[in-house]
Number of protein chains: 2
Amino acid sequence: MATIKDVAARAGVAVGTASRVLSGSPQTSPDSRSRVLAAAAELGYIANGPARSLRRARTDVLGLLVSDIRNPFFSELAHAAEQEARAHGYTVILANANEDAAQADAVLDVFASQRIDGLLLSPQGPKTPRLEALLASDLPIVLLNRSIEGVDAPLYGTDNAGGVAQALKWLQRRGHRDVAFIGGPETFSTGAERHDAYLAGREAHGICTDDALVDAGDFLADGAAEAMLRILDRGALPTAVFGANGQTTLGAMRAVHERLGAEAASLIEFVSFDDVEWFAFMSPPVSAVKNDAPEIGRAGVRGLLALINGGTATSQRIATTFIDRSAGSAA
Amino acid sequence: MATIKDVAARAGVAVGTASRVLSGSPQTSPDSRSRVLAAAAELGYIANGPARSLRRARTDVLGLLVSDIRNPFFSELAHAAEQEARAHGYTVILANANEDAAQADAVLDVFASQRIDGLLLSPQGPKTPRLEALLASDLPIVLLNRSIEGVDAPLYGTDNAGGVAQALKWLQRRGHRDVAFIGGPETFSTGAERHDAYLAGREAHGICTDDALVDAGDFLADGAAEAMLRILDRGALPTAVFGANGQTTLGAMRAVHERLGAEAASLIEFVSFDDVEWFAFMSPPVSAVKNDAPEIGRAGVRGLLALINGGTATSQRIATTFIDRSAGSAA
DNA sequence: CATTCTCATGGAATCGTTTCCATGACGGAA
DNA sequence: TTCCGTCATGGAAACGATTCCATGAGAATG
């Protein structure tokens with residue numbers, strides 16, 4: 001592979017001059033500029049990133065740590081973040097922690113070793129030792145989606161309260177009084193925020209305040225199905241079910257189908273926090289609060305770049321959109 | 001940040017010795033070993049990756065270029081590939097090409113500059129200039145999912161013929177004669193292989209060979225919906241529809257719903273190449289050929305690592321599983 | 001006891017850049 | 001004409017690791 005030395009030799013200049021031309025320094029004559037660029041093109045020169053990073057003490061690489069890229073929320077977020085980063089000349093390295101603190105720490109070590117310039121972190125639990133170390137090393141960090149206790153990095157996440165309000169308004173419009181709510185873990189800030197917003201807002205929207213109708217799973221289908229069954233076991237028969245995330249709604253639907261049968265299930269309306277394109281094909285179709293995952297990713301990258309460049313970044317709540325697929329709505 | 005020099009000084013040894021200890025060379029005494037390790041731990045030393053990469057002329061980084069990480073096939077693949085790579089001490093950098101040759105080339109330049117040790121490539125079209133250059137530079141490369149003309153890198157992909165055979169067998173068992181097939185672009189090897197396998201196998205499975213029932217879209221929902229409408233416009237009324245990928249099936253369903261109404265649509269069975277968990281909730285439920293994206297990712301990484309380590313790798317077709325969700329099957 | 005061999009060690013070179021510093025050419029001002 | 005300032009340039013240092021090579025201590029062998 002051609003090095004800058006080869007380019008300089010071919011152009012008949014010193015390496016210093018070649019470097020200045022290639023990095024766009026103004027301290028270059030038109031003459032050497034054209035000769036260096038020509039030589040570089042002829043040799044197919046591509047700068048050695050590690051060498052440059054070593055010397056400049058920055059890598060132009062961002063680390064993105066999510067719990068699971070298979071989750072559509074994160075894959076949309078990651079896609080948008082990667083595009084935004086690349087548009088600014090940054091590369092993204094992606095890693096999954098799989099909701100496991102040990103894996104998260106292993107990844108953070110790798111990131112540290114790669115000397116990433118900044119970290120986009122979607123936390124999954126409390127602070128871990130490696131994270132603590134990174135925070136102490138004042139690496140620029142932004143949080144995505146979930147907050148984490150004792151870390152005051154800027155947070156880019158969904159407007160959970162606003163999204164729940166949209167769902168509540170829809171439930172009221174549809175005339176539902178007996179609504180089941182399946183939440184997520186209280187230890188996740190998203191779970192807690194949605195749960196709190198629901199409890200705080202339900203009465204004002206004409207929804208029964210019987211807590212037998214409220215239960216929580218683990219944000220996964222199986223846990224949600226169990227929570228749904230617990231609610232049914234208490235003798236409740238809701239006319240609508242509100243699932244606090246996509247998997248939760250899926251699990252709740254499955255439980256209702258299995259327990260009550262397809263016919264009775266089709267009389268219950270589901271509304272979900274998190275939209276999935278397949279909701280349109282359920283019977284009845286499922287309405288949903290749609291997260292703007294791409295915008296969260298882009299805003300996170302922009303905030304992180306601001307921090308990297310010595311500026312400041314402030315937390316931001318990204319608005320949701322309500323997708324109304326109910327019978328009366330304009331299809 | 002602590003450097004190896006700091007570690008050596010604190011341990012009272014030369015940097016060479018510290019390096020040998022930290023990289024596990026056998027040429028070290030137990031004494032210096034323990035002192036260096038202690039010093040490293042006390043200082044929280046984490047090796048500078050770029051410096052190491054510069055000297056060793058390898059980065060332990062793999063590049064993964066997919067068309068769109070939001071596609072569940074790729075997000076499952078990427079998840080598994082990342083896990084497998086990390087288990088072998090490699091880091092993955094991910095990029096999306098969005099089915100755009102210019103973006104793909106831009107990404108390949110970034111990869112080249114990062115001096116990745118190997119490339120996992122899911123191609124989207126013909127060879128591009130940058131790809132040509134990379135192939136010439138004999139960077140280890142494996143292809144995922146799709147092949148590409150004129151490139152003889154090993155391919156790790158779905159067993160398309162086998163998957164189509166599973167679907168055909170199911171169609172026969174269900175007694176379908178009038179089956180519509182919505183394919184994908186012939187320019188994608190996956191589209192062509194599935195199409196060819198279907199045409200070659202339909203007669204033997206008792207399926208009508210009228211080509212009015214066959215059309216193709218672009219592997220996206222909208223294009224598939226148009227293809228479905230063209231079939232219906234020809235006056236055909238299939239009892240089953242076979243979509244050549246997930247989005248295609250989705251689009252075909254949407255078209256059938258819109259054109260014939262929910263009631264008539266519920267009389268048509270859909271079978272899909274690519275499984276999606278929501279298929280279970282359609283009415284009737286959609287059966288599907290499930291491809292083993294995680295195994296494709298893992299096999300691809302293993303093949304690539306073999307190439308990197310100077311070995312050889314051979315193409316591999318990963319078997320599919322048929323998910324039968326039809327009425328008679330054990331639910 | 002002398003010699004050779006083994007092996008851990010220190011020191012230095014090296015990887016490919018960027019950036020600092022000194023130099024020299026050139027132009028403009030006095 | 002002389003002097004100063006500007007500015008492109010060449011050369012060298014520096015980034016932080018790995019690895020080569022020479023050295024010296026100690027063990028093993030005769």
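Below, read A as the first sequence line, B as the second, and so on, with proteins coming before strands; counting in each chain starts at 1. For clarity, every value in this text was computed on a predicted model and none was experimentally measured. Computed over heavy atoms, backbone and side chain alike; hydrogens, waters and symmetry mates excluded.
- Met1(B) places its CE atom 14 Å from the C1' atom of dA17(D), with the value rounded to the nearest Å.
- Regarding contacts with the backbone of dT9(C), every side-chain N or O of Thr28(B) stays at 4.0 angstrom or more from both OP1 and OP2.
- Nearest-nucleotide assignment on DNA chain C puts the 5′-proximal partner with Val21(B), out of Val21(B) and Ala51(B).
- To the nearest angstrom, P of dC15(D) lies 19 Å from CD1 of Ile4(A).
- OP1 or OP2 of dA8(C) lies within a sub-4.0 Å distance of a side-chain N or O belonging to Gln27(B).
- Among the nucleotides dT17(C), dG10(C), dT18(D), the one closest to any side-chain atom of Arg52(B) is dT18(D).
- Checked for salt-bridge contact, Arg146(B) and Glu193(B) miss the test: no charged N lies under 4.0 Å from a carboxylate O.
- Atom-to-atom, CG of Asn48(A) to P of dG16(D) comes out at 17 Å; the value is rounded to the nearest Å.
- Between the side chain of Arg20(A) and the base of dG10(D), a donor-acceptor pair under 3.5 Å is found.
- Of the candidate nucleotides dT19(C), dC21(D), dG16(D), dG16(D) has the atom lying nearest to any side-chain atom of Leu54(A).
- In this structure, a donor-acceptor pair under 3.5 Å is absent between the side chains of Arg20(A) and Thr28(A).
- Atoms CG (Leu22(A)) and P (dT9(D)) sit 13 Å apart, rounded to a whole Å.
- Atom C1' of nucleotide dC15(C) and atom CZ of Arg58(B) are separated by 15 Å, given to the nearest angstrom.
- Near DNA chain C, defined here as any heavy-atom distance below 4.0 Å, there are no residues from residues 34-43 of chain B.
- Nucleic acid contact class of Ser53(B) (heavy atoms, under 4.0 Å, all strands): none.
- In this structure, the nucleotide among dA8(C), dT18(C), dA8(D) sitting nearest to the side chain of Arg56(A) is dT18(C).
- Within 4.0 Å (heavy atoms only), Ser19(A) reaches at least one base atom of the nucleic acid.
- Between Asp31(B) and Arg35(B), at least one side-chain N (NZ, or NE/NH1/NH2) sits under 4.0 Å from a carboxylate O, which counts as a salt bridge.
- Distances from the side chain of Arg55(B) to the nucleotides dT9(D), dG16(D), dC7(C) place dG16(D) closest.
- Across dA8(C), dA17(D), dT9(D), the shortest atom-to-atom separation from the side chain of Ala47(B) is found for dA17(D).
- No contact: Ala57(A) has no heavy atom under 4.0 Å from any strand.
- The closest donor-acceptor contact from the side chain of Glu295(B) to the backbone of Ile318(B) lies at 3.5 Å or more, if one exists at all.
- Side chains of Glu76(A) and Asn291(A): no donor on one and acceptor on the other come within 3.5 Å.
- For the side-chain contact (heavy atoms from CB on, under 4.5 Å) test with Leu62(A), the passing option among Ile93(A), Leu304(A), Leu94(A), Ile116(A) is Leu304(A); the others fail.
- Contacts of Asp109(B) classified as salt bridge (charged side-chain N to carboxylate O under 4.0 Å, His left out), with partners at least two apart in sequence or in another chain: Arg130(B).
- Side-chain proximity of Thr3(B) to the nucleotides dA8(D), dG10(D), dG16(D) is greatest for dG16(D).
- Other residues, nucleotides and ligands contribute over 12 non-hydrogen atoms within 6.0 Å of the CG atom of Asp100(A).
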